[in-house]
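Remarks on the structure that follows.
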There are 2 protein chains.
Amino acid sequence: MNDTRQFHLLAGIMTERDTRSDDAIYQSLWEAIVEHRLSPGARLPEDALAGAFGVSRTMIRRVLQRLALEQLVTLRTHRGAQITSPTPGEARDVFRARRLLEGALLTEVVERITPEDLQALTQIAEQERHARREQAIRLSARFHARLMAIAGNASLSEALSQLISRTSLIIAVYGRHRAGCPCEHPDLIALLEAGELAPIQTWMHQHLTGIEASLDFTASGDALPDFEHLFGHHREQNAS
Amino acid sequence: MNDTRQFHLLAGIMTERDTRSDDAIYQSLWEAIVEHRLSPGARLPEDALAGAFGVSRTMIRRVLQRLALEQLVTLRTHRGAQITSPTPGEARDVFRARRLLEGALLTEVVERITPEDLQALTQIAEQERHARREQAIRLSARFHARLMAIAGNASLSEALSQLISRTSLIIAVYGRHRAGCPCEHPDLIALLEAGELAPIQTWMHQHLTGIEASLDFTASGDALPDFEHLFGHHREQNAS
DNA sequence: GCCTTGAAGATTGTATACAAGCATTTTCCA
DNA sequence: TGGAAAATGCTTGTATACAATCTTCAAGGC
């Protein structure tokens, strides 16, 4: 009887009930979070996840710890895991960090970019335009990650990837109109083809600042998960 | 009988055999790694650590996973954990990342630095000068971390802290003369007191480039842990 | 003498059992 | 009827047992 409820709780995360490996579970959860199928504040009971993925709590705990270290999930002792609700302060922090990092990396990106890179970026941007809204968010994240990978600095790319994921959480909490990246990416591709550094950096700075400016920090509080926002959309738990 | 050997294997990590929490174990291992008491390539058997810290493998595995995500430890399936031996490529990657990040953050550091900050930095530099060689490495890492924390960007500070820790590993593998940071930090403090951005950035760039230039990448290979280096110092396993 | 093949030992991977803590509800008293 | 305290149930924290895999060592063949 518990199983049914647990399964329902996480409907939409997985395709069918089969045993998956560590990384596959991480991937599934990551996508569900970045695509806003799991909203900030949502609780992630270990038993429910274990049941849904057909593994024991051991693996689930490992995955949750990894997500927690990446700040996508908040782990509180004896209170379990829930999707992180970034505070306004953290949100501004992430955008400042992204402006700095992406701005700096663009120098090397412009130097090293190849036609293959441009093609890959074009393809992602294309998918982004035709994708459903949920997947568009994930593709937008992939676009930025792929772009910055061109700089060829694995350490910074990884750090930046985490910042990009967290941006998705921030938009989930504070986004007003439901837009993530308002599909400006094709414009950047045109600039990249031209190859002039200055306008590219300007574009990126405005791109990030524009997203940040579109947020509304007045709604929710700082510390606690914003249940108001959660309830506004739809509640995961059924009341039985 | 196993216990004795295990305990001996990790001598010097802990003060006495008592039960510690998750974070305390992480801290102990982190310090042991950064201070080069555990050299790159050293194996970290779960049973041995569990015995040494008086906890079960469960906690040890969690700590090892965290260290692995920070790239201080390498986890290979069915083959256990060992201290990461950065490849020359990774080493250059880390230094490039540090030059970029620390250079960029210095702008905000100079803007926001307070007398209290200067005092704290002075104190660390002072301890550094009087400390034993092992602890000096850790203090040097703390100096850089404390300095960059002034910029007030938690996300980037955290990423940078990981890069700084990894630098310690790099020095352990490729350092020729046993110098880590050759105690140039007081010079930086003088520049910070003057408050001119340009010379500070120049200093930092030369500082990092100088450390990188002092490394010798010809010795060890790329992929595997360098047992040559390990044996050169002293072996952890006794031959019984 | 060296390489290949097999078996024993040791270590990790996963699941589960039990203990500890928190949340909710129920009950009792004012 | 409202509030507070206690008890029950649920969730997580930790340890341990067992299975799977790798490594090592030994024996046999080339």
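Keep in mind that the numbers below use all heavy atoms, side chains included, and drop hydrogens, waters and symmetry copies. Residue numbering restarts at 1 for every chain, and letters A, B, ... go by the order of the sequence lines.
In this structure, B:D23 atom CG and D:dG13 atom C1' are separated by 14 Å, rounded to whole Å. At whole-Å resolution of the value, CD in A:Q82 and P in C:dC22 are 16 Å apart. Between A:D22 atom CG and C:dG13 atom C1' there is a gap of 10 Å when expressed in whole angstrom units. Put simply, NE2 on B:H78 is 8 Å from C1' on D:dC22, counting in whole angstrom units. Put simply, CZ on A:R76 is 12 Å from P on D:dG13, counting in whole angstrom units. For the pair A:L75 CG and D:dT11 C1', the interatomic distance rounds to 13 Å; values are reported in whole Å. The CZ atom of A:F53 sits 14 Å away from the P atom of C:dA15 (whole-angstrom rounding). Following rounding to the nearest Å, A:D47 (CG) and C:dT16 (P) show an atom-to-atom distance of 11 Å.
For the segment residues 56-65 of chain B, the set of residues with a heavy atom within less than 4.0 Å of an atom of DNA chain C comprises B:R57, B:R61, in numerical order.
B:R166 and A:S155 share a donor-acceptor pair across their side chains, judged by distance under 3.5 Å alone. A side-chain donor from one of B:D216 and B:T218 sits under 3.5 Å from a side-chain acceptor of the other. Counting only N and O atoms by type, the side chains of B:H36 and B:E134 include no donor and acceptor under 3.5 Å apart. Side-chain atoms of B:E70 and B:Y26 form a donor-acceptor pair, as typed in the model, at a separation below 3.5 Å. Side chains of B:S214 and B:R176: a donor-acceptor N/O pair is absent below 3.5 angstrom, by distance only.
The phosphate of D:dT12 has neither OP1 nor OP2 within less than 4.0 Å of any side-chain N or O from A:R79.
More than 12 heavy-atom neighbours from other residues, nucleotides or ligands sit within 6.0 angstrom of CD on B:Q127.
Applying the salt bridge (charged side-chain N to carboxylate O under 4.0 Å, His left out) definition to pairs two or more places apart or across chains, those involving residues 141-161 of chain B are B:D117-B:R146.
Taking for each of B:T77 and A:T77 the nucleotide of DNA chain C with the nearest heavy atom, the 5'-most of the two is the partner of B:T77.
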Restricting both atoms to N or O, compile the protein contacts to nucleotides 6-9 of chain C shorter than 3.5 Å, with distance only.
none

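A donor-acceptor contact shorter than 3.5 Å is absent between the side chain of A:T84 and the backbone of A:P86. A distance-only check finds no donor-acceptor pair linking the side chain of B:S140 to the backbone of B:A136 [under 3.5 Å].
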